Number of protein chains: 2
Amino acid sequence: MATQWPAPDDRTGREPLSVVDRIKQYILVNRLSPGDPMPTENELSDQLAVSRSRIREAMKTLSALDIVEVRHGYGTFVGTLSLTGLAESLAFRGMLTSHRDKHFLADLIDLRELLEIDWAPLIVERLDVDTRAAMRSLATAMVDLAAQGREFPAEDRQFHQLLVSMSGNALVGQLLDVFWQVHSLVDDTIGPPTHLEETAQAHHAIIDAIESGSPGELEAAIRRHYEPIRDRMRRSAGTD
Amino acid sequence: MATQWPAPDDRTGREPLSVVDRIKQYILVNRLSPGDPMPTENELSDQLAVSRSRIREAMKTLSALDIVEVRHGYGTFVGTLSLTGLAESLAFRGMLTSHRDKHFLADLIDLRELLEIDWAPLIVERLDVDTRAAMRSLATAMVDLAAQGREFPAEDRQFHQLLVSMSGNALVGQLLDVFWQVHSLVDDTIGPPTHLEETAQAHHAIIDAIESGSPGELEAAIRRHYEPIRDRMRRSAGTD
DNA sequence: CCGCATTTGTCCGTATGTATA
DNA sequence: CTATACATACGGACAAATGCG
């Protein structure tokens with residue numbers, strides 16, 4: 001097998017590594033990639049010379065951060081290092097603090113707007129016709145659903161994913177998607193949806209601005225998109 | 001005590017909530033705040049009617065996200081909902097992918113620069129004399145240390161914390177601090193420090209720009225601050 | 001479709017280490 | 001220093017899920 005393990009002691013006077021850190025070291029030293037199989041819990045228990053309980057508790061920590069992915073009855077694998085942990089943490093923070101202060105949700109919206117606006121010049125420059133067409137049809141679907149009084153979370157999420165996909169910065173795309181999820185989740189807790197038609201139309205306006213070729217217009221369109229959302233937030237602050 | 005628990009079954013046809021979710025519900029329903037004490041593991045074991053092993057594994061998940069904080073031999077408390085989980089996750093991603101591609105570190109630096117520049121107008125407008133003086137003395141300390149060939153991580157981190165503290169957006173401050181930590185950690189793995197004096201001086205230039213009162217100059221100074229960092233990254237890409 | 005081996009999920013009992021009062 | 005409450009750790013047993021012959 002020739003699996004490599006870090007030296008058990010390197011006598012540098014440090015305290016011994018935690019089980020979590022030793023498992024992380026294992027992944028790093030063996031240069032595993034997301035999806036690669038990990039040793040079974042019993043193997044880890046033997047090789048690290050700790051009980052299976054401890055291995056399992058360490059695995060819980062690691063899977064919460066998507067460093068490993070555990071499949072019941074099948075095995076454990078290196079995780080995809082996604083930001084699901086951040087999403088859970090922020091969502092809970094929103095739930096816990098939303099009725100005390102609105103700072104969190106306001107900060108979140110500001111951050112979404114800010115990051116999308118940052119890429120406006122690049123988006124105007126790079127956006128290809130296929131992506132634009134996909135965004136247009138999503139916007140049309142949103143308007144249709146809004147006319148029926150229905151919400152359109154899936155379309156909205158995908159629209160914003162496409163919008164920032166041109167940035168070339170994968171980290172920003174993942175972060176914005178997390179922020180969308182958290183915003184959507186917290187927003188559901190402050191009452192039934194409002195501004196449906198207005199928000200749906202705002203997405204058409206964003207594509208219009210892109211087609212105009214002016215970064216300034218795109219920035220303005222993005223700002224207008226977030227206005228009804230801020231308005232809804234301000235109103236909810238009074239009724240709570 | 002009159003602690004409230006969510007109804008064990010709400011017969012809406014959903015699958016039963018996980019232990020993790022039931023503990024989260026407990027915190028929400030009882031409106032606990034960070035620092036408030038949680039029931040002991042034995043109490044939770046009794047009240048949720050599951051074994052202590054499961055409680056402990058759930059606690060590991062929750063503490064990884066800083067939703068609870070466990071103090072050995074003392075008790076468990078509601079966590080501070082910090083972003084330590086994100087820091088760990090991103091740090092590991094950096095370790096795992098840094099020798100394959102440099103996109104991650106590049107994206108991280110771009111994001112740091114972008115977010116700091118976003119607040120440049122506000123910073124120029126709001127920064128008070130006390131904060132400015134603190135930043136100036138930090139910059140001086142950095143130059144001194146650089147002259148001795150020593151690094152200055154603590155000073156650098158605090159400088160950037162102060163820089164964005166004027167934004168009024170706590171979330172951005174926390175995110176940037178996480179990015180600083182991750183960047184610092186990954187940067188250590190690509191070799192001994194370089195550009196010490198240049199980087200230290202760049203911080204003086206940032207305060208100079210703030211004092212000039214021009215947001216444009218501040219933006220330029222921030223960009224210049226990140227240049228040697230990008231240069232170091234590009235050089236390391238070849239030697240790996 | 002069935003049975004089997006593998007692997008993770010859950011539970012219990014007990015002993016140990018640690019912090020607080 | 002002692003006592004108590006609490007989290008940490010261990011080992012074993014059985015249940016549940018998955019994949020495969």
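Not measured: the values here are computed from a predicted model. First the proteins, then the strands, lettered A, B, ... as listed; each starts at 1.
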Undergrad: Say whether, by atom type as modelled, one donor and one acceptor occur between the side chain of B/Thr199 and the main chain of B/Leu196 under 3.5 angstrom.
TA: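 A pair under 3.5 Å: no.
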Undergrad: Starting from the 5' end of DNA chain C, give me the residue, B/Glu57 or A/Glu43, whose nearest nucleotide shows up first.
TA: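 With B/Glu57 and A/Glu43 compared, the 5'-side residue is A/Glu43.
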Undergrad: Mind calculating the distance between CD (B/Glu41) and P (C/dT18) to the nearest angstrom?
TA: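 Taking atom P of C/dT18 as the reference, CD of B/Glu41 is at 16 Å.
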Undergrad: Whole Å only: how far is the CZ atom of B/Phe77 from the P atom of C/dT20?
TA: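 It is 9 Å, rounded to the nearest whole Å.
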Undergrad: Less than 4.5 Å apart, any side-chain heavy atom of B/Leu115 and any of A/Leu111?
TA: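 SC-SC contact between B/Leu115 and A/Leu111 confirmed.
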Undergrad: Can you tell me the distance, in whole Å, between the CE atom of A/Met38 and the C1' atom of C/dT7?
TA: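 Distance check: A/Met38 CE to C/dT7 C1' gives 14 Å.
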Undergrad: Using whole Å, what does the distance between atom P of nucleotide C/dC12 and atom CZ of B/Arg56 come to?
TA: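 Going from B/Arg56 (CZ) to C/dC12 (P), I get 16 Å.
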Undergrad: Do A/Leu176 and A/Glu116 touch side chain to side chain, with heavy atoms closer than 4.5 Å?
TA: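 In contact.
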Undergrad: Within the distance-only criterion (no hydrogens, no angle test), does the side chain of A/Ser89 pair as donor or acceptor with the backbone N or O of A/Gly85 below 3.5 angstrom?
TA: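 It does not hold such a pair.
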Undergrad: Can you tabulate the close N/O pairs, meaning under 3.5 Å, that link protein atoms to atoms of nucleotides 11-21 of chain D?
TA:
none

Undergrad: Using whole Å, report how far CG of B/Asp46 lies from P of D/dC6.
TA: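 Result: 12 Å.
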Undergrad: Measure the shortest side-chain to side-chain distance between A/Met59 and B/Lys60 over non-hydrogen atoms and say whether it is less than 4.5 angstrom.
TA: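 When only atoms from C-beta onward are counted, B/Lys60 and A/Met59 do not touch, as no gap falls below 4.5 Å.
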Undergrad: So do the side chains of A/Phe104 and A/Leu96 get within less than 4.5 Å of each other, counting heavy atoms only?
TA: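 The answer is no; the side chains never approach within 4.5 Å.
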Undergrad: Is any side-chain nitrogen or oxygen of B/Thr76 closer than 4.0 Å to OP1 or OP2 of D/dA7?
TA: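 Checking D/dA7 against B/Thr76, a side-chain N or O does come within under 4.0 Å of OP1 or OP2.
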Undergrad: Could you tell me how far apart B/Asn42 (CG) and C/dC11 (C1') are, to the nearest whole angstrom?
TA: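 In whole Å, C/dC11 C1' and B/Asn42 CG are 14 Å from each other.
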Undergrad: Would you say A/Arg112 and A/His160 make side-chain contact, with heavy atoms under 4.5 Å?
TA: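 Yes - at least one pair of side-chain heavy atoms lies under 4.5 Å apart.
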Undergrad: To the nearest angstrom, how far is A/Glu69 atom CD from C/dT7 atom C1'?
TA: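 Taking CD of A/Glu69 and C1' of C/dT7, I get 15 Å after rounding.
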Undergrad: For the side chain of B/Arg54, counting heavy atoms from C-beta on, which of C/dC11, D/dA7, D/dA9 is nearest?
TA: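 For the B/Arg54 side chain, the nearest candidate turns out to be C/dC11.
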Undergrad: Between P on D/dC6 and CG on B/Leu44, what's the gap in Å once rounded to a whole number?
TA: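 Rounded to whole Å, this separation is 12 Å.
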